[in-house]
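See below for the structure under consideration.
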Number of protein chains: 2
Amino acid sequence: MKWKELEEEPCSMARTIGVIGDRWTLLILRECFLRTRRFEGFQSALGITRHLLAERLKKLVRLGILRRIPYQEAPKRHEYILTQKGLDLYPIMMALVHWGDTHMVDERGRPLLHQHHKCGKNFDPVMVCSECGEPLLAKEVHTHPGPGAQSPLTIAAPDKPKAKARRSAA
Amino acid sequence: MKWKELEEEPCSMARTIGVIGDRWTLLILRECFLRTRRFEGFQSALGITRHLLAERLKKLVRLGILRRIPYQEAPKRHEYILTQKGLDLYPIMMALVHWGDTHMVDERGRPLLHQHHKCGKNFDPVMVCSECGEPLLAKEVHTHPGPGAQSPLTIAAPDKPKAKARRSAA
DNA sequence: TCTTTACAGTTCTAAAATAGAACTGTCAAC
DNA sequence: GTTGACAGTTCTATTTTAGAACTGTAAAGA
């Protein structure tokens, strides 16, 4: 499966993965949320090769997740800033951090604490139901096809004959 | 940067990315949450090559995200079931789906709806503060180093001399 | 003026990961 | 005794990444 194909799957998760589902893109976005904005900033913070960084930044701009804004003329220079679409990735970032905080910390504890302006406390992110406000558990959620569905299950209609025919074709 | 190194970075997000930050792993986990449990099930639903599927399942088992449980003797067969550690990835999955629902749907609408058992309604996941219950916005959160920090900022202490010295070394 | 530095890339080659297909092996059913 | 389900493993070819060097503009300093 190519990356491009992912973006066309009838599954919101697959499409999202097609956009941000690789290591470097995710790390670049982490830096964006930490207020890094410039090429050199990303490069030195991440140790990513310049080649890949340039390529990923282009992709994020093309997808409307970052905006490329000039901050000086003369030698033309640009900053990369999160758009609203990019800012909307925040829950994903927080969910990733929280899982790491829960399952991947060593004996020293969390590398980073998060403080909420509104209440002033260090917090954990909690995912709740938009309708009743209760925390969401996988077992308490039932999925069913929406208007954009193509298969009775969520996802990835295996509409490629290959998938099933693979062995009998031999 | 190698995948192994990621898991040792002083950043919970980097560590999480080291575990689940690739396309196929994420898609395999999606299938797990949709109750797929067997090798052939994953393979035909995803179209992943058998080689990679075997490799990724091993990794997920090694990391304690899936458990490999025999479901028949004779030809020994196993199922792959989410552990609690794996189930805890649910907010990440939901956050990915929700972003896709918001920004990647086509004119037909969402491929999949989610219904909450407790309240019976279709819902969106909302990420809130564990302390005050208010929805979290990136701009209202301040990060500061925790006990496991190694750099004043969250993350990725660029402790590799290469990062800065790269040009002057030439 | 000449050199160095900051910055933002681009362009190579080598190494690693992934795709794609076929092969292995056990057992049940036809 | 042949076929099919299932769960892998083993190949080669293609794509991606890593790693390092090179390009080019302009400011700062010797």
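Every chain is numbered from 1 and lettered A, B, ... according to where its sequence line falls, protein lines coming before strand lines.
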Closest listed nucleotide, where the reference is the side chain of [X] and the choices are [options]:
X       : options                : result
B/Arg77 : D/dT17, C/dT26, C/dA19 : C/dT26
A/Leu52 : D/dT17, C/dC7, D/dA7   : D/dT17
B/Tyr71 : D/dA7, C/dT11, D/dG8   : D/dA7
A/Thr49 : D/dG19, D/dC6, C/dA8   : D/dG19
A/Ala54 : C/dT26, C/dG9, D/dT9   : C/dG9

| query | Taking atom types as modelled, is there a side-chain donor on B/Tyr71 or B/Arg77 under 3.5 Å from an acceptor on the other? | reply | no
| Do B/Asp88 and A/His103 have side-chain N/O donor and acceptor atoms under 3.5 Å apart? | yes
To the nearest angstrom, how far is [X] atom [atom1] from [N] atom [atom2]?
X       : N      : atom1 : atom2 : answer
A/Gln43 : C/dT5  : CD    : C1'   : 16 Å
A/Phe42 : C/dG9  : CZ    : C1'   : 14 Å
B/Leu53 : D/dA7  : CG    : P     : 10 Å
A/Glu73 : C/dA8  : CD    : P     : 14 Å
A/Glu40 : D/dA27 : CD    : P     : 18 Å
A/Glu5  : D/dT15 : CD    : C1'   : 14 Å
A/Phe39 : D/dG24 : CZ    : P     : 17 Å
B/Ile48 : C/dA19 : CD1   : P     : 7 Å

| request: Take A/Pro75 and A/Asp22, find for each the nucleotide of DNA chain D with the closest heavy atom, and name the residue whose nucleotide sits nearer the 5' end. | output: A/Asp22
| said: Quick check: on DNA chain D, is the nucleotide nearest A/Arg23 upstream (toward 5') of the one nearest A/Lys76, or the reverse? Name the residue that is more 5'. | reply: A/Arg23
| task | Without swapping roles, check the side chain of B/Arg37 against the backbone of B/Cys32 for a donor-acceptor pair under 3.5 Å. | result | no
| task | Report yes if the side chains of A/Thr143 and B/Leu34 come closer than 4.5 Å at any heavy-atom pair, otherwise no. | result | yes
| request: Just say parallel, tilted or perpendicular for the rings of B/Tyr80 and B/Phe42, cut-offs at 30° and 60°. | output: perpendicular
Can you check whether [X] has a side-chain N or O nearer than 4.0 Å to OP1 or OP2 of [N]?
X       : N      : answer
A/Arg56 : D/dT17 : yes
B/Tyr80 : D/dG8  : yes
A/Lys58 : C/dT10 : yes
B/Trp24 : C/dA19 : yes
A/Arg37 : C/dA8  : no

| query | Within the modelled atom types, does a donor on one side and an acceptor on the other bring the side chain of A/Arg50 and the base of D/dA20 under 3.5 Å apart? | reply | no
| Under 3.5 Å donor-acceptor pair, A/Arg38 side-chain atoms to C/dA8 base atoms | no
| request: Identify whether any heavy atom of B/His78 sits under 4.0 Å from a base atom; if not, whether one sits that close to sugar-phosphate; answer base, sugar-phosphate or nothing. | output: sugar-phosphate
| request: Kindly indicate, with the supporting measurements, whether the criterion side chain to side chain contact (heavy atoms under 4.5 Å, CB included) is fulfilled by B/Leu89 and B/Ile20. | output: CA-CA 10 Å; B/Leu89 292 165; B/Ile20 62 160; 4.1 Å; yes
